[in-house]
Amino acid sequence: MVHWATSPYSPSTHESDLQSGMQAYLTDCILSALASMGGAPEGFAPEFEQPANPDHGDLSSNAAMQLARHFRKAPRAIAEDIVSHLRDLPLDAARVAAVELAGPGFLNFRFADAHLANELQQIIAAGADFGRTTTGNGKRALVEFVSANPTGPLTVGHGRNAVLGDTVATLLEWSGFEVDREYYFNDAGRQMRILGESVRARYMARVSPDIPTKQIGEGDEILTVPEPFPEDGYRGAYIDDIAGELFEAHGGNLDTDDVEPFKRAAEKQIFADIEATLARLGIHMDSFFNERTLYDSNRVWEIVEAFREKDLAYDKDGAVWFKTTEFGKEADTVLVKSTGEPTYRLPDIGYHADKLERGYDLCIDIFGADHIATFPDVLDGIRSLGYDADKVDVVIYQFVTLIRGGEPVKMSTRKATYVTLDELMDEVGDDVTRFFFLMRSPNTHLEFDLDLAKEASDKNPVFYLQYAHARICSILRKAEETGLERRGTADLSLLDHPAEQTLVKVMMDLPDTIDRAAENREPHRLSNYLREVAVAFTQFYGQCRIIGEDESLAKARLQLADAARQVLANGLSILGISTPERM
RNA sequence: GCGCCCGUAGCUCAACUGGAUAGAGCAGCGGACUUCUAAUCCGCAGGUUGCAGGUUCGAGUCCUGCCGGGCGUGCCA
């Protein structure tokens, strides 16, 4: 992913509440050990990570390696000193079961059983809120996404944008931001005029079926259209549908000299369709921002003047140019065309200035890869106007290819052979649609295999997660039938089976996973994580029985299973995917 | 030409922001249903992380140069 600007996070603030409890404790212990070894450099903070290999403990620090230069000693020797001082402290046996020295100088810590029981207790107590963090500290974020002009139905490409933006927004909410979702559009440009003309031509053909026709396009793109149809008009069937509705409502009474009513009717209908499509995906915008307001308020022209005053804009060939060479670009770019119409850059700058003036601490834009080159100008623009461009972050996602029968599905907006988002959802389902858009890094070109997506089987990863959830629900139902009470206190320290402990450890990672996914704007981190949870639960399920065990153990395991269900439910709800109780 | 992204198992992709033996799924092979859901599980096999250098205790990750693919590079958005 490209981050044009630094995120407002600092590396030291993204640890989750749960994990940071242990990390903060161990940090204190290590610093205390270092103090008696002659002191660490100012501002030193030991780094921690979770080892991939369970033999390396539950949490590992490379502090000794970080300090090799400072102490001018071998990392292993430093680590030995630290370990010996830690043992003298001593470490709290209720939290840390063991500290070991390994490899080139890693300090490996093993959690005590009591610590795991305590963590599980906290997960249960947090319930539907488990995973929420305070990282964002109540700062306000605006996520702008979809932002398709209302010229046609949303396509598969928009789908990735929509799902990505919505989920990034939800992730930010969970990590403590106050988030608004916004849709930016322009209903005044050339695109919309052609849309209106396209509808009008179809309407005229409805009124007068004998109207002359013509052919547009060439090769296999040839299409027969009514004479007034614009050369580069919109070809989709929805255009004729809208014309048909106008004809139903007004007969032949509409004044075809004026394109405005046709444009407005088209916009209204298409926007309604877009909102309905988004609603199917569970997406609801907080606001729609019409580019036109930037003209009505004169804002765009004020910006041109501001640039002129700063000597960043000048006239040439009848156009107004933006001195992007000042920001390291090879050439200046046009800000206002010789027709007097601004290029997209100008309103974009105005729009971002507006967002920042509305008090947002973080403005995220979700863009397809084809917008990559346009954005530096906007950032340079608002920066030179005195705004803090570091508050703006752009998420670029790569394109989607649909695969059917092992072959890419060819799509072209011109030929109107694109697959709409609605058609995709009709074919594979809403949950699968969301999940497939979220299971890969935004940075990678997404191959959406329709055959795989449709298959309601083990090949389809989304069902694996839902199945684990449904399975737990089934156990809870069964437990209720047999009179096993899930609520109340249970002795969680009875959970000493390796599969139980692994499951708890995985579940503990949810807040941290959410923070990282939010910080990096990478929802796939969460979907990958949820698979780990499902795997850990399934292994626990395979190795440990619940119903039929001794009552205190059964109750503890039932609470563990219920906590796993909650973790899956919380995660899936962030991804916007349903959590069936039966499958 | 220039800018950005990508290159990891046969295929689709991960890899906790520089850590220890690079991991999943699918496909392949071999096993497991008198059990709380088999839409499941267990095992086997699969790799010079595109190539070549560099930085350091340590590189898939950072730097440089190549090779290959995608997207841009507009008085379109």
Please write out the pairs of protein N or O atoms and N or O atoms of nucleotides 42-45 of chain B separated by less than 3.5 Å, giving the distance to one decimal.
| residue | atom | partner | partner atom | Å |
| --- | --- | --- | --- | --- |
| B:rC42 | OP1 | A:Gln539 | NE2 | 2.7 |

Q. Is NZ or CZ of A:Arg345 both nearer than 6.0 Å to the six-membered ring centre of A:Phe322 and within 45° of the ring axis?
A. no
Q.
Suppose we call two aromatic rings close when their centres sit under 6.0 Å apart. Are A:Phe288 and A:Phe271 close by that rule?
A. yes
Q | Between B:rG54 and B:rC16 - P atom distance, rounded Å | A | 25 Å
(Q) Within the 4.5 Å heavy-atom criterion, are A:Arg235 and A:Ile216 side-chain neighbours or not? (A) yes
**Q.** Nucleotide-level pairing of RNA chain B, given in dot-bracket where Watson-Crick and G-U pairs need both distances under 3.5 Å and | marks other strands
**A.** (((((((..((((.....[...)))).(((((.......))))).....(((((..]....))))))))))))....
(Q) Measuring centre to centre across the rings, with the benzene-like ring taken for any Trp, is A:Phe375 within less than 6.0 Å of A:His352? (A) yes
Q. Near RNA chain B, under 4.0 Å by heavy atom, which residues of residues 468-481 of chain A?
A. A:Ala470, A:Arg471, A:Ser474, A:Ile475, A:Lys478
Q: Establish, with yes or no, whether the OP1 or OP2 oxygen of B:rC41 is under 4.0 angstrom from a side-chain nitrogen or oxygen of A:Tyr464.
A: yes
Can you tabulate the close N/O pairs, meaning under 3.5 Å, that link protein atoms to atoms of nucleotides 19-22 of chain B?
| residue | atom | partner | partner atom | Å |
| --- | --- | --- | --- | --- |
| B:rG19 | O2' | A:Glu49 | OE2 | 3.3 |
| B:rG19 | N7 | A:Asn62 | ND2 | 3.1 |
| B:rA20 | N6 | A:Ser60 | OG | 2.5 |
| B:rA20 | N6 | A:Asn108 | OD1 | 2.8 |
| B:rA20 | N1 | A:Asn108 | OD1 | 3.3 |
| B:rA20 | N1 | A:Asn108 | ND2 | 3.1 |

(Q) Could you work out, with ring pair (Phe, Tyr, Trp, His ring centres under 6.0 Å) as the rule, every residue matching A:His469, not counting sequence neighbours? (A) none
Q: Could you run through nucleotides 70-77 of chain B and give me one letter per nucleotide, 5' to 3': B if any protein heavy atom sits under 4.0 Å from the base, S if only the sugar-phosphate is that close, - if neither?
A: -SS--BSB
Q | 5'-most by nearest nucleotide on RNA chain B - A:Arg545 or A:Thr538 | A | A:Arg545
Q. Under 4.0 Å between a Lys/Arg side-chain N and an Asp/Glu carboxylate O for A:Glu341 and A:Arg190?
A. no
Q.
Please classify the glycosidic conformation of B:rC57 as syn (within 90° of 0) or anti (everything else).
A. anti
Q: Looking only at side-chain atoms of A:Thr444, point me to the closest of B:rA24, B:rC13, B:rA39.
A: B:rC13
Q: Mind checking the OG1-CD1 spacing from A:Thr167 to A:Ile577? Nearest 0.5 Å is all I need.
A: 8.0 Å
Q. RNA chain B: A:Ile546 or A:Phe48, which has the more 5' nearest nucleotide?
A. A:Phe48
Q. Where the side chain of A:Tyr541 is concerned, which of B:rC16, B:rC36, B:rC13 is the nearest nucleotide?
A. B:rC36
Q.
Parallel, tilted or perpendicular: which one describes the rings of A:Phe185 and A:Tyr183, with boundaries at 30° and 60°?
A. perpendicular
Q. If every non-hydrogen atom of A:Arg160 is compared with every non-hydrogen atom of A:Gln398, which pair is closest and at what distance?
A. NH1-O, 2.7 Å
